[in-house]
Amino acid sequence: MTNIVKISIGFAIFGLISTIMETHAEARAFFVFGDSLVDNGNNNYLVTTARADAYPYGIDYPSHQATGRFSNGLNIPDIISESMGWEPTLPYLSPQLVEQKLLIGANFASAGVGVLNDTGIQFVNIIRIYQQLNYFEEYKQRVSELIGEDETQKLVKESLVLITLGGNDFVNNYFLVPYSARSRQYSLPKYVPFVISEYKKVLKRLYKLGFRRVIVTGTGPLGCVPAELAQHSTDGECAKELQKAASLFNPQLDKMLKQLNHGLGKDVFIAANTNLMHMDFIANPTRFGFVTSKIACCGQGPYNGLGLCTPLSNLCPNRDLYAFWDPFHPSEKANRMIVQQMLTGSNLYMHPMNLSTIMAMDSRA
């Protein structure tokens, strides 16, 4: 065989592999579970106070309309989908989620929820995590009617999942008010293992539902968000008790994920160290092009950290200069930095592998 023929065959095989990888990426369904960091509009369809369906939310979204995302523009699931060349997932409650749109996946997340059922009760009507999983069961049935049971199982098995829970169990439960019911029931060092043990049940259920690639985010630095600075900080330093909660929760979550993977004999659960991802730009905002990581772009009071982001709030003219969009949620620019670490970050950020490695490995499987 001549060298020219060998080279031609080599290029053909390389092209075929590239095509297979692209096709695989395009065909891969994406599912999202969790809270307001990843909710892209489910709460719009609920009678709840936990909503982001009015200006100035969505001011930098392509349509410049509020969509229910707790962001000035795109949120983390949107940016993952964009990076992969996938269509963004629709909220599960959206009437547009029908027919072929179902095959893209679905977003079941609901602002205000936590691992625990009593987290977020002040928001009245939200989709608690086990209801999100029940909705997924319903989703599977709808897809089975479209493509059959075997193809549905394959779609789920080959899908990618993102789940974000935990922050609200502290911010909107344990520390919500002084002497909260949970803080009277548990000391913080005992509350954290309790939340972790309940989270483990949720993740086991995800595995039982057929998922085999699940990115699990930790909590961010809870005491450093503008809402907590406004309530607990006199000098701009992060709130100590909330930081202690994050410092206890994240390592225990990481350990639990390793134990689950070890028991399963495969790397199903991927730990995303979102605490470190956030701390990078909180500790040194100017390095990342931000003017501040303490003051929210939209809000009022100290650090723009009090209340909700509303049409009457202070609003910064350039959202890209702010690490935080509102008192609790990162700006789109910050979300993009977080997703970049999910895609290509080292083991410090993504363990045991980043998203690019997952995609490359699975395309060869």
Side-chain angles (χ1 to χ4, degrees), residues 35-37 52 56-57 59-60 70-73 75-76 111 164 166-180 183 188-189 191-192 217-251 273-310 312-338 340-341 348-349:
D35 57 28
S36 60
L37 289 165
Y57 284 98
I59 189 170
D60 299 310
F70 287 75
S71 171
N72 58 300
N75 65 9
I76 288 168
T164 295
N168 283 326
D169 294 291
F170 298 99
V171 171
N172 282 311
N173 191 329
Y174 194 86
F175 292 108
L176 181 64
V177 292
Y179 309 109
S180 67
S183 66
L188 186 62
Y191 180 68
V192 172
T217 70
T219 72
L222 300 172
C224 302
V225 301
E228 301 308 331
L229 295 181
Q231 292 176 66
H232 303 293
S233 181
T234 53
D235 55 3
E237 292 298 306
C238 300
K240 288 187 173 62
E241 277 299 289
L242 280 141
Q243 285 300 87
K244 184 181 174 186
S247 72
L248 289 170
F249 180 83
N250 288 311
N273 188 344
T274 38
N275 194 69
L276 183 58
M277 294 173 194
H278 278 85
M279 279 312 297
D280 283 350
F281 54 74
I282 284 173
N284 193 352
T286 54
R287 182 183 157 209
F288 296 91
F290 297 119
V291 294
T292 178
S293 61
K294 296 183 188 297
I295 303 166
C297 168
C298 181
Q300 47 278 317
Y303 306 101
N304 276 347
L306 295 179
L308 302 169
C309 171
T310 73
L312 300 176
S313 299
N314 301 317
L315 179 65
C316 68
N318 185 348
R319 275 67 67 183
D320 284 350
L321 297 180
Y322 286 70
F324 284 95
W325 154 245
D326 70 9
F328 286 104
H329 303 95
S331 62
E332 179 183 318
K333 183 179 173 183
N335 281 334
R336 287 189 176 278
M337 292 176 177
I338 290 164
Q340 191 55 52
Q341 291 290 14
L348 281 174
Y349 296 91

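When all heavy atoms of N168 and D35 are compared, the pair lying nearest together is ND2-CB, 3.5 Å. The nearest pair of heavy atoms linking T164 to L37 is CG2-CD1, 3.8 Å. Nearest heavy-atom pair, H278 versus I338, reported as atom, atom and distance to 0.1 Å: CE1-CD1, 3.6 Å. Shortest non-hydrogen contact noted between L188 and E241 is CD2-O, 4.0 Å. In plain terms, the two heavy atoms of P317 and R319 that are nearest each other are O-NH1, 3.1 Å. Nearest heavy atom pair, residue A296 against residue P327, reads CB-N, 3.9 Å.
Using a 4.5 Å heavy-atom threshold, the side chains of F290 and I282 count as separate. I295 places none of its side-chain heavy atoms less than 4.5 Å from the side chain of F324. Within the 4.5 Å cutoff, side-chain heavy atoms of N173 are placed close to those of Y191. With a 4.5 Å cut-off on side-chain heavy atoms, C316 and L321 do not count as touching. Counting heavy atoms from C-beta outward, S233 and E228 have side chains that stay 4.5 Å or more apart. Side-chain contact check for Q341 versus D280: some heavy-atom pair is nearer than 4.5 Å. Side-chain atoms of S71 and N335, non-hydrogen and from C-beta on, do get closer than 4.5 Å to each other. Side-chain contact between V171 and F328 is present, with at least one heavy-atom pair separated by less than 4.5 Å.
Remark: P251 engages no residue in a side chain to side chain contact (heavy atoms under 4.5 Å, CB included) (not counting sequence neighbours). The side-chain hydrogen bond (donor to acceptor under 3.5 Å, both in side chains) search around D320 returns none, not counting sequence neighbours. Taking the side chain to side chain contact (heavy atoms under 4.5 Å, CB included) definition, one finds that L312 meets it with T310, sequence neighbours left out. Residues satisfying the ring pair (Phe, Tyr, Trp, His ring centres under 6.0 Å) criterion with Y349, sequence neighbours excluded, are absent altogether.
In this structure, SG in C297 is found 8.0 Å from CG in D60, a value given to the nearest 0.5 Å. In this structure, CD1 in I76 is found 7.5 Å from OG1 in T274, a value given to the nearest 0.5 Å. For the atom pair NE2 of H232 and NZ of K240, the computed distance is 12.5 Å after rounding to the nearest 0.5 Å. In this structure, the separation between CZ on F249 and CG on L222 is 9.0 Å, given to the nearest 0.5 Å. Annotation: the span from S180 atom OG to N172 atom CG amounts to 11.0 Å, rounded to 0.5 Å.
Side chain of N72 to backbone of S331: no donor-acceptor contact under 3.5 angstrom is found.
Screening residues 290-303 for side chain to side chain donor-acceptor pair (under 3.5 Å), with sequence neighbours left out, gives Q300-S313. For residues 322-337, the set of pairs meeting the salt bridge (Lys or Arg N to Asp or Glu O under 4.0 Å) definition, not counting sequence neighbours, comprises E82-R336, E332-R336.
Looking only at atom types and distance, the side chain of N250 has a donor-acceptor partner in the side chain of T219 under 3.5 Å away.
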Worked check of ring pair (Phe, Tyr, Trp, His ring centres under 6.0 Å) between W325 and Y57: CA-CA 9 Å; W325 154 245; Y57 284 98; 5.8 Å; yes

